[in-house]
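Below, read A as the first sequence line, B as the second, and so on, with proteins coming before strands; counting in each chain starts at 1.
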Protein chains: 2
Amino acid sequence: MRHALRYKPAYSPQSDIAFSSARYDTRAMLRNRLHSMAGTKMSAISKAVLLLLLFGIIFAGEVCGYRSKHWRLGFSESSMKYKPRKPLQIEANETWIWPLPAEWTKGESTIILDPKLELVVQGGLSESDVLEEAFERYLGHIFVHQSAEGKKLRRKSSSPTLLRLVINLLSDNQVLQLGTDESYTLAVPATNESSDVYLEASNIYGALRGLETFSQLCGFNFETRSVEIRDAPWSIKDKPRFQYRGLLIDTARHYLPVETIRKVIDSMSYAKLNVLHWHIVDTESFPLEIPSYPAMWDGAYTKAERYTMEDAANIVEYARRRGINIMPELDTPGHAASWGVGYPQLWPHPKCQQPLDVSSKFTFEVIAGILADFRKVFPFDLMHLGGDEVDTSCWNQSEHIRGWLKDRNLTLHDAYATFVLEVQTITRKLGWAPVNWEEPFSEFGKLLSPDTVVHEWYSNNLVPAIVDQGFRCIVSNQDVWYLDHLDVGWEEFYLNEPLADLNSLDQQQLVLGGEVCMWGETADPGDIEATIWPRAAAAAERLWSSPYVANSTYRALPRLERFRCLLHERGVGAAPVKNYYAREGPEGPGSCYDQ
Amino acid sequence: MRHALRYKPAYSPQSDIAFSSARYDTRAMLRNRLHSMAGTKMSAISKAVLLLLLFGIIFAGEVCGYRSKHWRLGFSESSMKYKPRKPLQIEANETWIWPLPAEWTKGESTIILDPKLELVVQGGLSESDVLEEAFERYLGHIFVHQSAEGKKLRRKSSSPTLLRLVINLLSDNQVLQLGTDESYTLAVPATNESSDVYLEASNIYGALRGLETFSQLCGFNFETRSVEIRDAPWSIKDKPRFQYRGLLIDTARHYLPVETIRKVIDSMSYAKLNVLHWHIVDTESFPLEIPSYPAMWDGAYTKAERYTMEDAANIVEYARRRGINIMPELDTPGHAASWGVGYPQLWPHPKCQQPLDVSSKFTFEVIAGILADFRKVFPFDLMHLGGDEVDTSCWNQSEHIRGWLKDRNLTLHDAYATFVLEVQTITRKLGWAPVNWEEPFSEFGKLLSPDTVVHEWYSNNLVPAIVDQGFRCIVSNQDVWYLDHLDVGWEEFYLNEPLADLNSLDQQQLVLGGEVCMWGETADPGDIEATIWPRAAAAAERLWSSPYVANSTYRALPRLERFRCLLHERGVGAAPVKNYYAREGPEGPGSCYDQ
């Protein structure tokens with residue numbers, strides 16, 4: 001018999017995890033106080049002094065506390081005591097799936113996984129290399145504590161055991177695009193009635209989501225030496241709330257090696273994010289090969305910090321095999337000074353390296369060339385054209401641009417619009433829907449064609465205005481979804497509601513989803529994982545799960561802590577959930593599940 | 001014709017890397033000043049105020065600088081300019097191998113690697129799964145920019161090309177131990193005279209070191225789309241300066257998942273470190289299974305944060321396949337409070353949880369049981385027994401210990417010695433040489449048997465005294481080789497000389513080598529890589545290379561920066577070389593090679 005439970009007691013593979021909610025609350029309060037302080041109209045000096053004092057105290061604590069353990073105090077350790085763990089309390093009966101599925105029921109039995117678990121693919125496809133590879137990856141995660149050789153199974157012979165994972169595909173469609181159906185159903189039996197886990201999906205990408213969920217149900221039991229699923233039978237019916245669940249990476253402020261990008265893609269798949277927004281180029285560097293303009297990557301930091309077009313194609317394919325689209329960005333006319341290293345004629349004036357020269361045909365030939373090159377390797381429906389933070393004033397320093405404006409009777413503002421619209425036209429001809437940061441909408445929204453996707457980031461509460469004009473929208477409000485803002489805690493990421501203030505269903509449907517942004521000024525391969533995780537996961541649940549299910553930070557906290565530990569087990573360097581400041585390490589010894 | 005060059009002009013795959021030595025020097029000076037301040041007798045308050053001010057300024061800079069870019073200043077970016085890179089200067093003609101080999105000659109030609117490069121093993125073994133796997137791993141690193149499919153080679157047909165890597169083994173010995181011969185010679189031809197790279201080694205572990213060196217000679221040429229070796233012909237004759245080149249990890253203060261340990265092992269092999277000192281247990285937790293005492297791992301943080309004995313065996317094997325020994329540590333009688341969670345009778349008194357009960361036979365039965373269990377999975381010659389930071393005063397709180405001491409006419413100090421010596425005896429019977437932290441040597445060195453290895457860590461300049469007594473020694477002085485000391489910069493790691501003040505060869509030969517220690521109070525999977533690297537690499541060169549070759553931080557800096565970028569390319573999250581404070585991210589945008 002199955003129980004229809006939501007948030008009802010059940011599952012806790014680690015029933016002895018310590019959890020001090022009191023300690024946590026103090027910190028959250030402190031952070032919230034700081035944060036609200038930042039929003040009030042205190043003088044900059046008062047703020048600086050306060051922050052200085054606070055940080056000084058924290059810093060002094062670190063120096064005096066940790067450094068001195070073996071350094072100054074010397075023989076202090078042996079008088080320490082073992083700190084007994086409190087029994088698990090609030091999390092005892094939680095559903096440990098991140099992000100939470102749309103619907104589920106569970107029972108009270110435990111079933112064991114045979115380490116020789118077999119994959120069977122049926123339905124629309126009888127085999128799938130994508131699913132076979134994914135299955136092997138997940139077996140690696142699930143059976144990490146098994147012996148490498150032989151995968152010995154030690155169990156009571158009478159235990160109900162799962163022998164097969166049967167994936168039934170409803171179609172043979174292998175195209176991954178915006179709106180690809182990612183829904184799936186997952187059934188785990190409880191007893192010897194069946195030895196099959198049954199996973200059904202429209203296509204391989206929904207099956208990948210189901211595999212992730214399945215892997216999160218599995219836990220290693222150190223007493224029996226078996227991988228088991230508790231609270232069986234499980235019946236899960238799941239689909240994402242938003243079709244666009246993105247993460248931005250920035251390879252212009254710091255080059256990210258191919259291996260780093262692969263690792264980011266892997267980690268995204270664990271949180272069911274599905275779009276990697278690749279902010280390839282910016283003022284600081286131009287790392288990607290452009291076959292049509294082979295001097296373009298002279299704008300890279302160094303000869304080694306570059307990507308070939310083959311690299312880009314490999315990254316797209318690597319991501320596809322994890323159900324993730326790559327949305328490239330070519331930011332114009334601002335954020336483009338590095339283009340001029342290879343082609344100085346793109347700089348309007350020696351003292352004006354950007355925005356790109358609006359008056360020159362060559363500028364648009366180059367853009368058309370780059371986009372045509374992009375089109376060969378980036379199959380995703382959406383192409384991000386930037387268009388943000390354009391300060392046109394320095395165009396006036398160029399005599400030929402002044403003449404060009406005068407001849408056409410254009411203001412600088414008109415010229416900015418002309419630039420963006422021209423690039424949109426080129427993009428549309430290549431079969432893409434254009435995405436722009438919000439400025440073109442704010443500045444000349446009436447001129448934009450209706451297929452434009454507006455990427456909200458800067459203004460407070462612009463989404464209603466965007467969808468009110470009939471545009472599709474991606475939400476990234478920088479006050480809470482910019483990962484480089486290190487003082488924004490996971491709760492703020494979690495509570496950001498993309499559909500706030502949208503009452504009509506029509507308007508809501510124009511919100512494609514949201515995206516967290518890992519701007520690269522201070523993020524490189526050494527700290528990018530700890531800066532992204534676990535906060536991106538908080539947004540990922542907001543974007544995948546129903547707001548009626550994922551509605552409480554109090555309930556989410558132990559689940560997010562556990563998800564962070566899962567990331568660790570898979571080699572992802574997620575920072576503590578409860579640190580004061582993002583990507584800081586833990587403050588002292590302790591369990592992963594309590595930090 | 002080959003040139004006999006040492007430090008002579010030649011190789012620079014990235015000839016456009018920016019490098020600002022002026023900026024660097026300022027920082028180093030600042031850090032040194034701070035560091036020396038910490039050593040003087042300033043009042044604690046003055047120090048705190050100064051640190052507070054300094055950190056406040058840094059922090060304010062971060063908040064105002066990076067956060068505000070998209071947050072407060074808004075439209076600031078488009079007026080930025082592309083910062084032109086300075087041509088490469090001091091590093092132009094460097095030998096880019098880290099750590100530097102013992103001897104090498106190089107030429108002026110370039111030779112290309114065929115992407116279908118074949119491995120041939122000959123001599124003592126005709127095949128080796130260890131070498132075949134390693135070869136595949138290195139191909140993955142070397143050919144990362146090649147297309148995934150087909151590995152297309154685009155090159156001028158006339159270019160000299162390497163088709164085979166021939167490894168000649170002088171023996172079939174596959175035992176990895178302290179003192180295993182890691183020497184190798186490597187010859188890369190320059191022209192069509194030969195299409196073989198020739199690598200010769202006594203055994204597979206020397207061959208692994210040679211493979212690492214070979215991989216560091218290879219670089220991808222983005223213009224020709226080929227992997228090439230510059231400055232050929234190369235002739236390298238290499239061997240380590242010290243037989244023991246260690247890194248300590250601490251799985252008691254934070255649990256490190258198996259995957260994290262694997263990644264640490266991988267990264268060690270890139271720097272030719274060869275001993276992972278596994279500080280398994282401490283006051284805070286006991287994560288490892290002990291079959292003889294199955295309640296012992298009740299002292300783990302949680303049920304999930306544990307290792308099975310199979311895990312330990314798998315880690316040993318994983319490390320062996322990379323030429324790395326695992327030295328386990330069982331720290332007694334202090335640092336052991338977590339033992340009593342499963343076996344409370346090991347606690348001398350409810351208010352005295354450590355040192356372990358010296359008066360109880362059970363204590364030594366348990367230790368004998370643990371060590372016998374360890375012996376089954378840890379084949380390395382050395383067993384670390386801790387023995388550090390023992391504060392025996394609380395033994396006095398226990399009536400039965402007081403009685404036991406009185407009966408035997410022992411002081412607390414005598415009892416401490418009795419404890420350590422008894423554990424050494426058990427260890428020796430199991431075929432290990434015992435290693436102890438320096439305290440037993442300092443406290444009762446005359447009682448230690450001569451096979452004891454003394455692990456120096458706390459006192460200034462204790463090594464001469466240790467070897468003077470005829471003991472072997474491992475050097476880890478905490479002022480410069482403790483990685484958790486975040487204010488110690490790479491230069492201090494680099495310049496620490498294990499043989500300082502040892503003039504006789506006999507004495508020098510007693511120094512087995514050195515070890516950097518990653519104590520885990522604030523290091524978990526989220527920050528451990530950035531805390532270890534790149535500073536551990538600085539020590540690794542000190543331990544591998546001749547002090548006459550590796551003698552200048554000025555020369556080492558660009559090489560270490562490049563090694564850090566190599567770590568990034570291989571997925572290791574190394575922190576910037578030039579940060580103020582270890583494991584901090586980069587301060588702003590820039591090339592990996594300049595941070």
Side-chain angles (χ1 to χ4, degrees), chain A residues 14 16-17 48 52 55-56 59-60 66-67 70-71 75 77-82 144-145 147-148 222 253 257-259 263 283-284 301-304 306 308 310-311 314 334 337-338 353-354 389-391 478 485 521-522 524-527 530 568-569 571 573-575 585-586 588-589 591 593, chain B residues 14 16-17 48 52 55-56 59-60 66-67 70-71 75 77-82 144-145 147-148 222 253 257-259 263 283-284 301-304 306 308 310-311 314 334 337-338 353-354 389-391 478 485 521-522 524-527 530 568-569 571 573-575 585-586 588-589 591 593:
Chain A
Q14 285 83 32
D16 56 352
I17 294 170
L52 191 156
F55 219 73
F59 175 67
Y66 301 119
R67 266 222 58 166
H70 285 244
W71 189 39
F75 287 48
E77 179 84 12
S78 58
S79 56
M80 285 176 65
K81 281 192 191 165
Y82 174 82
V144 70
H145 289 291
S147 158
F222 282 80
R253 274 63 176 253
V258 172
E259 181 62 19
K263 288 169 68 190
T283 307
E284 291 82 356
Y301 282 121
T302 58
K303 288 187 179 174
R306 298 192 286 185
T308 65
E310 276 176 346
D311 289 338
N314 289 343
S338 62
Q353 297 184 339
Q354 56 190 17
E389 299 187 305
V390 178
D391 176 355
Q478 49 78 30
H485 291 182
E521 281 83 354
T522 68
D524 76 2
D527 60 3
H568 282 184
E569 284 160 20
S591 164
Y593 296 88
Chain B
Q14 287 83 30
D16 56 353
I17 295 168
L52 190 157
F55 218 75
F59 175 67
Y66 302 119
R67 266 223 58 168
H70 286 243
W71 188 39
F75 285 48
E77 179 85 11
S78 57
S79 56
M80 284 176 65
K81 282 192 190 164
Y82 173 82
V144 70
H145 289 290
S147 159
F222 282 81
R253 275 61 175 255
V258 173
E259 180 62 19
K263 287 170 68 190
T283 306
E284 292 83 354
Y301 282 122
T302 60
K303 287 188 179 177
R306 297 191 287 186
T308 64
E310 277 175 346
D311 290 337
N314 289 342
S338 63
Q353 297 183 339
Q354 57 190 16
E389 297 186 307
V390 179
D391 176 356
Q478 48 80 31
H485 291 183
E521 281 83 353
T522 68
D524 76 2
D527 59 4
H568 282 183
E569 284 159 22
S591 163
Y593 295 88

Answer whether the closest heavy-atom distance between the side chains of Glu259(B) and Val144(A) falls below 4.5 Å.
->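 A side-chain contact is absent here, since even the closest heavy-atom pair is not under 4.5 Å.
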
Compare every heavy atom of [Y] with every heavy atom of [X], then report the nearest pair and how far apart it is.
{"X": "Asp527(B)", "Y": "Gly585(A)", "answer": "OD2-CA, 3.1 Å"}
{"X": "Gly526(A)", "Y": "Ala530(B)", "answer": "O-CB, 3.8 Å"}
{"X": "His145(A)", "Y": "Thr308(B)", "answer": "O-OG1, 4.0 Å"}
{"X": "Tyr593(B)", "Y": "Ala304(A)", "answer": "OH-CB, 3.4 Å"}

Could you tell me which portion of Pro257(A) (side chain, backbone, both or neither) has an atom closer than 4.5 angstrom to a non-hydrogen atom of chain B?
->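 Contact with chain B: side chain only.
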
Considering only heavy atoms and a distance below 4.5 Å, find which of His568(A), Lys263(A), Glu569(A) pairs most often with chain B.
->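 When all of His568(A), Lys263(A), Glu569(A) are compared, His568(A) has the most.
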
